[in-house]
Amino acid sequence: MALKIYNTLSRKKEEFIPLKKGEVGIYVCGPTVYNFIHIGNARPFIIFEVVRRFLKFKGYKVRYIQNLTDIDDKMINKARELNISVSELAEKFIQEYFIDADSLNIERADVHPRATEHIAEIIELLKGLEEKGYAYEIDGDVFFEVSKFKNYGKLSGQDIEELKIGARVEVDERKRDAIDFALWKKAKEGEPSWDSPWGKGRPGWHIECSAMSMKYLGKTFDIHAGGSDLIFPHHENEIAQSEANTNQQYVRYWMHNGYLCLNNQKMSKSLGNIMKVRDIIRKYKGEVIRYFILSAHYRSPLNFSEEQLQQAQNSLQRLNNIIYNVKHLLKQDKFKKFKDKDDELILEKRKEGEQQFIKAMDDDFNTPVALSRLFGFAKDVNIYLNSPSLKNKIILEEVIKFYQDLAGKVLGILKDFDKEQSFEQEIKKLIEDREKARKEKNWEKSDKIRDELKRKGVILEDTTEGVRWKKINSE
RNA sequence: GGCGGCAUCGCCAAGUGGGAAGGCAAAGGACUGCAAAUCCUUCAUCCUCGGUUCAAAUCCGAGUGCCGCCUCCA
């Protein structure tokens, strides 16, 4: 089955054919490190990381780049506010970003390039644009002359003339045209700056992504991704800068995720309606947040609410129970030796489930459908587990592997497979005491112990194969 | 003004011409000492009105409601 990706450039799902067979280069717009990230920021980070995981699962060699914007107006303002340097601010929030990314089980990119460490590359790019006549300098500022670039607007479907009419920005009168944008900004008093052929200054908003993406992935690369609010002007400008300079296609597949909303309004720092990952994670595990994000298709808008997180947690519990329950059976020492009809059936269902999962992911990363396949197989497994006959060890291991591969490796949820739950001596003792009481049919005592354990966060379940225990929401 | 998105069960959410997936919640039953877990059963004519078609949630037209980009934003 061929993978199809919705390409913002063509507004269609296209079959994905990488530039180099078997290899994929992906660039994702990362955070500006001036604050803690909110759940809306986290959406693309989770989604495109799943894209990377799935491509790897399909056997591609993936090179994944996610930048860290560590110099711009917001950085400067915030540093001033906190009375620290811009680089101190950056260091702090880069660290905080990785703490949040780790808690969400977001794997590190192959490279996390920082704008301030790529000033030389940025200046090279600017020189090229100046030589080719796309850039002009006015008193230490450098601008891109949009009207010189004939394909301007092809990503966002904007018409240059319409843009001029609709311009609501306060126009810098010195620019040749209102829609020209800054490539390099002259340093103001007290701002961090770098030497350049145009004097001391710093890179404009869009140029860092062009410079860094092309440095690490080449002049033309496969996938560039980010939130849909970046389509215009950020990505449009990136295309202009890059293609004007290289004279070749910059990005082959543009992917953009829908917004995360709070009360049906886009969550954004400027509106102030944000939920920080750092705060949510106190109450809900990373995998719950991941499940919530993946429960909707990445291009659809998604509304955030605590009720939904609760639902996500409940749904996830069903999948986690499968793992607990199968692992409990694997602790037995009696297994049947040969495969019978039931075993064959479950293997068949496993294969079918995996195929359907892959088919869903192949269809522009349809994670809601992919998730539903995990539930479909769960029912088959539970029926198998319910049968009174001896189980086949190989089958049980195959079930674990199914979830390990698809839920664990591809979606990044259900990551606790290998973790053995540890118990304090005290709790082990209580479980033993209860078993003893049950044998004596002292229900009052056994129930009391069970309640006590529940208060301590341990759930007991009596099964025909002995008592089974799990911790509530263990991390 | 230009460009774009969304509307499917109480909640979440797939489905783009021919069976309305899946999950959460709820109700009944089975199993259990009681529970829990699990299984079985129940639970939607898809915003409105027209049209095309043998056949439409799905295509076309009109309308209603909500949201976004064009300014920092994932």
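Not measured: the values here are computed from a predicted model. Throughout, a chain's letter reflects where its sequence line sits, starting with A, and its residues are numbered from 1.
Side chain to side chain, Ser213(A) and Tyr250(A) meet the donor-acceptor criterion of an N or O pair below 3.5 Å. A side-chain donor-acceptor contact under 3.5 Å links Asn320(A) and Glu287(A). No donor-acceptor contact under 3.5 angstrom links the side chains of Asn105(A) and Arg290(A), judged on distance only. If you check the side chains of Thr116(A) and Asp70(A), you find a donor sitting under 3.5 Å from an acceptor. A donor and an acceptor atom, one from each side chain of Gln310(A) and Gln313(A), are located under 3.5 Å apart. Side-chain contact annotation: Asn303(A) with Gln308(A), donor-acceptor N/O pair under 3.5 Å absent.
Within the 4.0 Å cut-off from OP1 or OP2 of G23(B), not a single side-chain nitrogen or oxygen of Lys379(A) is found. Of the side-chain N and O atoms in Lys13(A), none sit less than 4.0 angstrom from OP1 or OP2 of U16(B). Phosphate proximity of C39(B) to Asn382(A): present, with a side-chain N or O under 4.0 Å from OP1 or OP2. Look at Ser300(A) and you'll find a side-chain N or O under 4.0 angstrom from OP1 or OP2 of A14(B). Taking 4.0 angstrom as the limit, Asn314(A) places a side-chain polar atom (N or O) nearer than this to OP1 or OP2 of A25(B).
Here Lys74(A) lies in heavy-atom contact (under 4.0 Å) with sugar-phosphate atoms only. At the heavy-atom level, Asn321(A) lies under 4.0 Å from the strands shown only through sugar-phosphate atoms. Within the nucleic acid shown, Ser315(A) comes within 4.0 Å of sugar-phosphate atoms alone, with no base atom in reach, counting heavy atoms only. Residue contacts shown for His297(A) are limited to sugar-phosphate atoms, with no base heavy atom under 4.0 Å away. Counting any heavy atom pair closer than 4.0 Å across all strands shown, Leu260(A) reaches a base atom. Residue-level contact check: Ser268(A) touches the bases, meaning some heavy atom is under 4.0 Å from a base atom.
A donor-acceptor contact under 3.5 angstrom links the side-chain atoms of Arg450(A) to the base of A35(B). Judged by distance alone, with hydrogens and angles left aside, Arg318(A) brings no side-chain donor or acceptor close enough to the base of C24(B) to form a pair under 3.5 Å. Side-chain N/O atoms of Asp229(A) and base N/O atoms of G68(B) include no donor-acceptor pair closer than 3.5 Å. If you check distances only, the side chain of Asp462(A) does reach the base of C34(B) with a donor-acceptor pair under 3.5 Å. Judged by distance alone with a 3.5 Å cut-off, a donor-acceptor contact links the side chain of Arg438(A) to the base of G33(B).
Between Glu306(A) atom CD and C12(B) atom C1' there is a gap of 15 Å when expressed in whole angstrom units. Put simply, CG on Leu460(A) is 14 Å from P on A36(B), counting in whole angstrom units. Following rounding to the nearest Å, Asn320(A) (CG) and G23(B) (P) show an atom-to-atom distance of 16 Å. Regarding Tyr259(A), its OH atom lies at a distance of 13 Å from the P atom of C72(B), rounded to whole Å. Per the geometry, NZ belonging to Lys448(A) stands 18 Å off C1' belonging to A35(B), to the nearest Å. Between the NE2 atom of His256(A) and the P atom of C67(B) there is a distance of 23 Å, given to the nearest Å. Ile231(A) has its CD1 atom 16 Å from the P atom of C72(B), to the nearest Å. The separation between Phe304(A) atom CZ and C12(B) atom P is 14 Å, rounded to whole Å.
On the P atoms, U45(B) is 26 Å away from C66(B), given to the nearest whole Å. C69(B) and A26(B): their C1' atoms are spaced 41 Å apart (whole Å). The gap from the P atom of G61(B) to that of U41(B) amounts to 43 Å, rounded to the nearest Å. Here the separation of A7(B) from U16(B), taken at their C1' atoms, is 15 Å to the nearest Å. Taking atom P in both G23(B) and A37(B), the straight-line distance is 16 Å, to the nearest Å. Comparing the P positions of C67(B) and G29(B) gives an interatomic distance of 45 Å, to the nearest angstrom. For G50(B) and A44(B), the P atoms lie 25 Å apart once the distance is rounded to whole Å. For G18(B) and A55(B), the C1' atoms lie 6 Å apart once the distance is rounded to whole Å.
Relative orientation of the His235(A) and His256(A) rings is tilted, given thresholds of 30° and 60° on the angle between their planes.
Across all strands shown, the partner of A26(B) is U42(B), judged by Watson-Crick or G-U wobble contacts whose two distances both fall under 3.5 Å. With a cut-off of 3.5 Å on both pairing distances, C34(B) has no Watson-Crick or G-U wobble partner at all. Base pairing analysis places A21(B) opposite nothing; no Watson-Crick or G-U wobble pair with both distances below 3.5 Å involves it. Pair check for U16(B) finds none; no Watson-Crick or G-U wobble contact set falls under 3.5 Å. Shown here, C72(B) forms no base pair; nothing in the strands shown gives a Watson-Crick or G-U wobble contact with both key distances under 3.5 Å. Both distances falling under 3.5 Å, in either a Watson-Crick or a G-U wobble arrangement, place C59(B) opposite G51(B). Base-pair partner of G4(B): C67(B) (Watson-Crick or G-U wobble, both distances under 3.5 Å).
Asp362(A) and Lys4(A) are not joined by a salt bridge, as no carboxylate oxygen comes within less than 4.0 angstrom of a charged side-chain nitrogen. Salt bridge annotation for Arg350(A)-Glu354(A): present, with a cationic side-chain nitrogen under 4.0 angstrom from a carboxylate oxygen.
If you check A37(B), C69(B), C11(B) against the side chain of Arg468(A), the one that comes closest is A37(B). The side chain of Arg434(A) sits closest to G33(B) out of G33(B), G1(B), G68(B). Here A37(B) is the nucleotide among A37(B), C12(B), G33(B) with the atom lying nearest to any side-chain atom of Glu461(A). Checked against G23(B), A74(B), A37(B), the side chain of Asn325(A) finds its nearest nucleotide in A37(B). When distances run from any side-chain atom of Asn264(A) to the nucleotides C70(B), C34(B), C66(B), the shortest one goes to C66(B).
Listed in residue order, the members of residues 148-160 of chain A having a heavy atom less than 4.0 Å from RNA chain B are Ser156(A), Gly157(A), Gln158(A).
Closest-nucleotide positions on RNA chain B for Val369(A) and Leu230(A) were compared, and the one nearer the 5' end corresponds to Val369(A). For the pair Thr32(A) and Arg11(A), both in contact range of RNA chain B, the more 5′-proximal nearest nucleotide belongs to Arg11(A).
Put simply, the residue from Phe181(A), Phe232(A), Phe144(A) that forms a ring pair (Phe, Tyr, Trp, His ring centres under 6.0 Å) with His206(A) is Phe181(A). Here the options are Tyr34(A), Phe36(A), Phe45(A), the test is ring pair (Phe, Tyr, Trp, His ring centres under 6.0 Å), and the partner is Tyr97(A); only Phe45(A) passes.
Both geometric conditions, a ring-centre gap below 5.5 Å and a plane tilt below 30°, are fulfilled for Trp443(A) over the base of G33(B).
Arg43(A) forms no cation-pi arrangement with Tyr298(A), by the criterion of a distance under 6.0 Å to the ring centre and an angle within 45° of the ring axis.
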